[in-house]
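Some notes on the structure that comes next.
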2 protein chains.
Amino acid sequence: MNGSTAHPAARISTAAGIPASANLRKGDVTPATGRRRRGRPAKLSRPAIFAAAIALIDRDGPSALTMRALATVLGVEAMSLYRHVAGKDALLDGVAEQLMSEIEPRGASADWTVAVHGFASSVRGLARNHPQAFTLVALRALDSASALQPVEDLLASLRGAGFTRQRSVAAYRVIAAYTLGYVLSEIAGFTFSEDVASLARRAGRFPTIRALSRQLAQAPTNTSFRAGLETIISGLRAELEH
Amino acid sequence: MNGSTAHPAARISTAAGIPASANLRKGDVTPATGRRRRGRPAKLSRPAIFAAAIALIDRDGPSALTMRALATVLGVEAMSLYRHVAGKDALLDGVAEQLMSEIEPRGASADWTVAVHGFASSVRGLARNHPQAFTLVALRALDSASALQPVEDLLASLRGAGFTRQRSVAAYRVIAAYTLGYVLSEIAGFTFSEDVASLARRAGRFPTIRALSRQLAQAPTNTSFRAGLETIISGLRAELEH
DNA sequence: ACCTGAACACCGTTCAAGT
DNA sequence: ACCTGAACACCGTTCAAGT
């Protein structure tokens, strides 16, 4: 497809312009303890590696994330990465965790419907900031503190609003499943391209799809995402009041 | 991690035991026309290739699907595959389409809630039959007839039940998003492993997660999937009757 | 302490050649 | 008409070696 002959890694390095150390928050390189460093100072750090990996995926897609390409971007040889991450799988775990940490905590809300919208918007916002990386990472178990905080906030609001333990978890799962599915569909083009209508026409079947082709072709919006959430909230409210 | 030194392809071939031609339905090799075959008879066919690919993924995971491994399983050299599929990406498109064709049509239902459950069960059933292949394929645009039929049936039922055009499409999207998200979460272990509770305990935060750890650890079931669907149906019914 | 060179066993894909 | 051999430009990962 992309028949470009040469795509020199050096160019990536320049273009990506990874702010190698600029991305680091203070204290990232060394643990909180002021332990004395000896020997050669480290050129690499885990957060710098993960940040560069996310930038690489966002720019060129998941398949561009290669140990070798990542190393080039960081101005280092591929093998040096293995000092800091166990392998490619561990790299992806780190990427997932660093992505989740971008979600800023909202705190528990007294109104559970606000909490639902807050949770869903956080996830969707992350996906919109990093569509490519999100797909890579959406299916990895989230066992980091930053991934758990939004869940904690949502569950706390549901419990506080009077949902039983069982119903709180059930509600969480419905909301999380809808949000994940919606966001992934959005990234994939919502499974309906403009030419689905023409396929339906060619096939001479699917009269309803043909009749609804204008509506189906409409790109999902902020509004339609929230509307779907309201449908679910309405169903949950009925259970709560029952 | 898996430090096994040698994993000879020949062994895969034996172990996988792909029923190379047994998987073929009659008429798969040649188009319906009784066109005369000349030259060397084909050892390969697109359906046989896709079936073997699905079997390989189901057995050994998405990363085991390699042009070379697939060829070995089919008793052929890797380059022979390029006679039948344009490349690996086209192979994955074919795998996606062949998977979707496993869904057996249910026909439109007079009761729209039956149609909702039917659609969702079809998708979930496919995911349970091919959990590994499903993840690989869930995000590819579905533009084949067999992928469109379940959508047509659901939309037709919704329209027939009195949903407006806009509301029918909106309802479809909520249902599809929930189903996709639920099913992918299920495959990924529903993002909550048993040790999330212990992580929450170690972190000394997340009191609600800790309090709900038993409920959160419960594996999703047929029943809980349908219960979530009922929540959504209840929300949709309110809109319909409004 | 941290990074590198060389090597190994893989990939997808091409092209000209075999039958 | 269909399949193959040899080759190219990649992968992830190891290990012993450099500074």
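Here the structure is a predicted model, which means the values were calculated and not measured. All chains are named by letter (A, B, ...) in the order of the sequence lines, taking the proteins before the strands, and each is independently numbered beginning at 1.
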Who pairs with C/dT4 - Watson-Crick or G-U, where each distance is under 3.5 Å: D/dA16
Pair assignment for D/dC10, Watson-Crick or G-U wobble, requiring both distances under 3.5 Å: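 The base-pairing partner of D/dC10, which may sit in any strand shown, does not exist here.
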A/Leu180 vs A/Val123 side-chain heavy atoms within contact, under 4.5 Å: no
Touch class at under 4.0 angstrom, heavy-atom based, for A/Ser80 against every strand present: base
I need the [atom1]-[atom2] distance between [X] and [N], as an integer number of Å.
{"X": "B/Leu74", "N": "D/dC3", "atom1": "CG", "atom2": "C1'", "value": "13 Å"}
{"X": "B/Ile49", "N": "D/dC2", "atom1": "CD1", "atom2": "P", "value": "12 Å"}
{"X": "B/Leu81", "N": "C/dC11", "atom1": "CG", "atom2": "P", "value": "13 Å"}

Donor-acceptor pair, side chain of B/Arg46 and main chain of B/His84, under 3.5 angstrom: yes
Side-chain donor/acceptor of A/Arg173 to backbone N/O of B/Leu216, under 3.5 Å: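 Side chain of A/Arg173 to backbone of B/Leu216: a pair is present.
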N or O in side chain of A/His84 less than 4.0 angstrom from C/dC3 OP1/OP2: yes
N/O to N/O distances under 3.5 Å, protein versus nucleotides 15-17 of chain C:
none

Closest to side chain of A/Arg68, choosing from D/dC3, C/dA7, D/dT14: C/dA7
Closest to side chain of A/Thr66, choosing from D/dG5, C/dT4, D/dC11: D/dC11
Aromatic contact, B/Phe225 with B/Tyr182 (centres under 6.0 Å):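 Ring centroids of B/Phe225 and B/Tyr182 are less than 6.0 Å from each other.
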Distance-only polar pair, side chains of A/Thr179 and A/Arg124, donor-acceptor under 3.5 Å: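 Result is no, nothing qualifies.
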